[in-house]
Number of protein chains: 2
Amino acid sequence: MAGIQQSISTSTFLGHNKLRFRNQNVSMPGKSSGIVRCVATPSTEKTSYKTQVSRNENLAKLQAGYLFPEIGRRRSAHMLKHPDAKIISLGIGDTTEPIPEFITSAMAQRAHELSTLKGYSGYGAEQGEKQLRASIASTYYGNVGLEEEEIFVSDGAKSDISRLQVLFGSNVTIAVQDPSYPAYVDSSVIMGQTGQFQKDVEKYGNIAYMRCTPENGFFPDLSSVPRTDIIFFCSPNNPTGAAASREQLTKLVQFAKDNGSIIVYDSAYAMYICDDSPKSIFEIPGAKEVAIEVSSFSKYAGFTGVRLGWTAIPKALLYSDGFPVAKDFNRIVCTSFNGASNIAQAGGLACLSPNGFKAMMDVVGYYKENTEIIMDTFKSLGYKVYGGKNAPYVWVHFPGRSSWEVFSEILEKTHVVTTPGSGFGPGGEGFVRVSAFGHRENVVEACRRFKELYK
Amino acid sequence: MAGIQQSISTSTFLGHNKLRFRNQNVSMPGKSSGIVRCVATPSTEKTSYKTQVSRNENLAKLQAGYLFPEIGRRRSAHMLKHPDAKIISLGIGDTTEPIPEFITSAMAQRAHELSTLKGYSGYGAEQGEKQLRASIASTYYGNVGLEEEEIFVSDGAKSDISRLQVLFGSNVTIAVQDPSYPAYVDSSVIMGQTGQFQKDVEKYGNIAYMRCTPENGFFPDLSSVPRTDIIFFCSPNNPTGAAASREQLTKLVQFAKDNGSIIVYDSAYAMYICDDSPKSIFEIPGAKEVAIEVSSFSKYAGFTGVRLGWTAIPKALLYSDGFPVAKDFNRIVCTSFNGASNIAQAGGLACLSPNGFKAMMDVVGYYKENTEIIMDTFKSLGYKVYGGKNAPYVWVHFPGRSSWEVFSEILEKTHVVTTPGSGFGPGGEGFVRVSAFGHRENVVEACRRFKELYK
């Protein structure tokens with residue numbers, strides 16, 4: 001099939017150049033493995049031509065690969081070693097349940113409409129379709145008065161975190177929860193906001209790591225946190241699963257205000273909250289003057305592969321010179337992005353209709369039941385477990401043990417993929433994150449194996 | 001409808017917080033217009049709270065808005081002024097013809113499959129689906145030996161241009177064709193690679209502008225171009241429509257090699273080439289050691305709204321220390337991106353099947369017929385026109401006149417939106433770009449009006 005494709009389509013596109021240039025340029029650097037990987041190992045090609053462009057020194061600072069591809073590689077290696085094992089992944093936090101048909105139908109319909117004269121549309125607004133922006137504003141921020149034009153639709157939270165780093169530039173300082181989602185730190189390193197990685201403490205220079213532990217209820221002791229320009233804060237938290245309380249977030253907003261900082265609040269798991277914890281930072285009075293919120297349809301509707309998210313930037317958020325942050329972000333979005341896929345946006349709009357919203361809540365509910373099964377399992381084995389209640393992540397403590405060691409032990413002995421806590425920062429050492437994203441039968445089976453291993 | 005959505009879905013998500021927090025935070029900064037715009041005007045809000053975060057000075061360097069949103073605003077203003085005018089847009093270069101049904105069916109099918117247990121998939125590879133990468137490699141680079149793992153699938157060329165800028169960082173120097181697609185320059189400014197905008201010459205400091213004029217056949221006099229780390233080069237060119245010849249590109253590759261530079265080659269219009277001009281920079285011997293290629297399905301299959309493109313980075317492309325550029329780009333993609341929408345990727349795969357490829361060629365052919373109509377029109381009016389042959393853009397010369405003045409004259413008198421050449425750089429002054437993306441009857445009607453105006 002691939003062969004047929006190539007012979008037909010290539011001959012059309014490549015045309016009469018094909019014969020003339022068929023044999024040129026076929027020499028490849030001899031030692032190259034042929035596999036592009038995240039791991040930053042030095043090249044072994046010594047005799048090849050080199051450009052005179054210096055490698056970006058910030059990329060050279062990055063340690064090993066981005067966490068999740070690294071876990072994917074370990075999983076693949078395990079599969080090679082145990083080809084017959086039934087591997088269960090509760091690792092990367094990838095959704096597994098089908099997208100409700102109501103929502104996929106809206107996307108399919110939009111796709112079909114694109115083949116009609118009447119339904120075709122080309123470039124959409126870089127900031128997202130007006131109706132979707134309005135719907136996000138009313139659904140998630142109707143109680144706090146955010147407006148349509150304060151919502152920027154994106155292809156997902158991870159992309160927006162990097163766009164926000166480009167917005168802030170290399171001269172800002174940042175703080176992160178420790179442990180936290182690795183994209184905050186890695187994107188900061190890439191933008192040149194940090195110093196070198198300090199192996200002894202497992203931290204990058206010039207980043208304030210706000211330790212979040214069971215002892216402080218996974219909320220940092222702000223009196224020991226230095227002032228930074230930007231504070232990344234994720235609640236419900238990835239990986240600890242802790243949702244900050246209203247009181248805690250009020251303290252955080254006050255802290256930002258006292259320091260003149262900007263909070264980048266990641267609320268990608270807000271729909272998993274089932275107690276009185278705020279679902280948006282903007283529920284806290286004054287937050288609009290100090291906060292940005294990043295969120296996503298990924299974990300609500302199973303859009304991890306469809307790609308759709310948003311960032312809310314209030315008009316009231318101003319730089320020190322009074323310039324609105326949203327205006328510069330709008331410029332970034334206009335220059336570096338061309339809007340989320342129109343088909344994905346049709347899906348997002350369906351998600352926020354009454355039927356779609358109910359369907360999303362059902363999916364969330366399904367994963368929350370998984371969470372309970374996982375929590376009960378580890379509790380019954382005598383482990384201290386955290387998170388889970390308001391988040392699809394269970395944070396299991398293995399006191400005195402290395403996270404990677406426990407990760408390997410679990411993978412080796414139960415064929416279950418988890419995520420080592422230390423991958424989220426030094427504060428995660430001794431913990432393992434177990435994701436509740438999985439088919440029920442796999443979660444149940446994984447828990448059976450956990451009970452076998454740790455009985 | 002929006003009201004119903006809000007009352008139902010908000011009440012579900014916002015839950016019991018709704019009553020308590022309904023009335024807080026409703027005050028908005030008084031003078032705010034409520035419209036987030038690209039134009040970088042200073043804020044007029046003097047009494048509001050300000051953070052102590054400094055505005056990114058690179059963003060402050062940017063002149064006015066990104067070109068195309070600016071044109072959109074002028075179009076909107078014109079519509080307000082002439083509510084009954086039948087406006088025809090040959091401006092922004094947005095595709096207008098429906099996506100072939102063969103391709104939308106593949107996307108609709110993928111959407112439907114996502115609602116099934118068997119067909120659901122979550123996070124895909126950040127670099128793109130293996131089959132699509134392989135298909136792009138064989139279709140577009142089968143004759144030059146690029147391999148699957150050298151292709152990075154993206155949500156479009158514009159996004160990838162910015163990701164490449166993040167890859168290179170702030171310490172590189174760049175060269176651009178003058179005129180050129182504004183995203184190269186603007187993303188460079190944002191990354192801090194440039195000096196301030198110099199109003200007298202309409203250029204940013206620290207960028208080498210390679211003048212492309214009818215006199216030099218729209219290929220720069222390389223003997224007068226200083227060495228830079230990066231050379232952005234688009235062929236067939238946006239906006240001039242000129243496709244560089246094999247001889248010219250051989251010179252360009254040699255120039256890059258002599259200087260140790262990296263060429264970022266934008267081939268987004270390659271399928272419009274109908275003569276012997278190379279369709280990929282990699283057709284030039286040695287290019288794999290000095291070039292990256294960025295491309296897109298936007299102008300081939302009408303994917304401007306669907307969002308799908310790719311970047312090809314050969315393994316043989318090395319930084320001065322021998323580190324492979326592709327490895328660092330892979331790290332950027334893994335950290336700052338989560339892959340293109342899986343539905344869009346299904347569409348891309350359909351595009352590259354024999355049926356899909358033929359359908360794309362038909363769409364390209366349609367726009368090429370438009371191009372001929374536009375070229376014939378301006379030629380018959382005595383204007384010198386360039387481009388067109390290998391590109392969907394016609395570059396019309398209005399000697400001695402300002403591009404914006406001609407743009408306004410055409411808009412005012414014919415209600416046709418074009419693009420002022422000077423928006424692409426000072427070298428575009430005196431030209432107007434007329435896009436061939438439009439329904440046939442609109443192109444014909446626009447040409448009738450041009451004949452009326454300039455007879």
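In the text below, chain A, chain B and the rest are named by the order of the sequence lines, each starting its count at 1. Note that the coordinates shown come from a computational prediction; the quantities given were computed from them, not determined experimentally.
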Problem - Contact leader toward chain A among B:L317, B:I273, B:V53, where contacts are heavy-atom pairs under 4.5 Å - result: B:V53

Handout entry: Interchain contact, B:Y319 with chain A, by part (heavy-atom threshold 4.5 Å)
Key = both

Practice task
Determine the minimum heavy-atom distance between A:A108 and B:H112, stating which atoms define it.
Solution key: CB-NE2, 3.4 Å

Exercise for the section: Compare all side-chain heavy atoms of B:N342 with those of B:R110 and state whether any distance is below 4.5 angstrom. Expected result: yes

Completion exercise
From the list B:P314, B:S187, B:G302, B:G347, the residue making the most non-hydrogen contacts under 4.5 Å with chain A is B:G302

Problem - Side-chain donor-acceptor contact under 3.5 Å, A:N330 with A:Q127 - result: yes

Practice task
Count the heavy-atom pairs under 4.5 Å between each of B:N338, B:T96, B:I343 and chain A, then report the option with the highest count.
Solution key: B:N338

Practice task
Please state whether the rings of B:F152 and B:F329 are parallel, tilted or perpendicular, taking 30° and 60° as the class boundaries.
Solution key: perpendicular

Exercise for the section: Counting only heavy atoms closer than 4.5 Å, note whether B:S170 contacts chain A via side chain, backbone, both or neither. Expected result: neither

Practice task
Would you mind checking which part of B:D94 comes under 4.5 Å of any heavy atom in chain A, side chain (CB onward), backbone (N, CA, C, O), both or neither?
Solution key: both

Exercise for the section: Check each atom of B:K257 against the heavy atoms of chain A and say whether the ones under 4.5 Å are side chain, backbone, both or neither. Expected result: both

Problem - Portion of B:A125 that has a non-hydrogen atom of chain A nearer than 4.5 angstrom - result: neither

Exercise for the section: Could you verify whether a donor N or O on one side chain and an acceptor N or O on the other, from B:S336 and A:S162, lie under 3.5 Å apart? Expected result: yes

Problem - Which atoms of B:A270 approach chain A - backbone, side chain, both or neither, heavy atom under 4.5 Å - result: both

Handout entry: A:A256 portion near chain B, given a 4.5 angstrom heavy-atom threshold
Key = backbone

Exercise for the section: Find the one option among A:G156, A:G122, A:A111, A:G192 whose heavy-atom pairs under 4.5 Å with chain B are most numerous. Expected result: A:G122

Practice task
Select one option (side chain, backbone, both, neither) describing which atoms of B:L167 are under 4.5 Å from chain A's heavy atoms.
Solution key: both

Completion exercise
Note: vs chain B, highest number of non-hydrogen pairs under 4.5 angstrom among A:T116, A:I103, A:I92 is A:T116

Problem - Pick from A:T104, A:V166, A:T51 with the largest number of heavy-atom pairs that fall under 4.5 Å of chain B - result: A:T51

Problem - Pairing of B:D321 and A:K50 as salt bridge, 4.0 angstrom limit - result: no

Exercise for the section: Could you check if a side-chain atom of A:S261 sits within less than 4.5 angstrom of a side-chain atom of A:R227, using non-hydrogen atoms only? Expected result: yes

Handout entry: NZ/NE/NH1/NH2 to OD/OE distance under 4.0 Å, B:K158 and A:E126
Key = yes

Practice task
With a 4.5 angstrom heavy-atom cut-off, could you sort out which part of B:E113 is near chain A: side chain, backbone, both or neither?
Solution key: neither

Exercise for the section: Could you check if a side-chain atom of B:Y140 sits within less than 4.5 angstrom of a side-chain atom of B:S280, using non-hydrogen atoms only? Expected result: no

Handout entry: Among the listed options B:I161, B:N259, B:V290, the residue most often paired with chain A at heavy-atom distances under 4.5 Å
Key = B:N259

Exercise for the section: Answer yes when B:K288 and B:E150 have at least one side-chain N-carboxylate O distance shorter than 4.0 Å, and no when they do not. Expected result: no

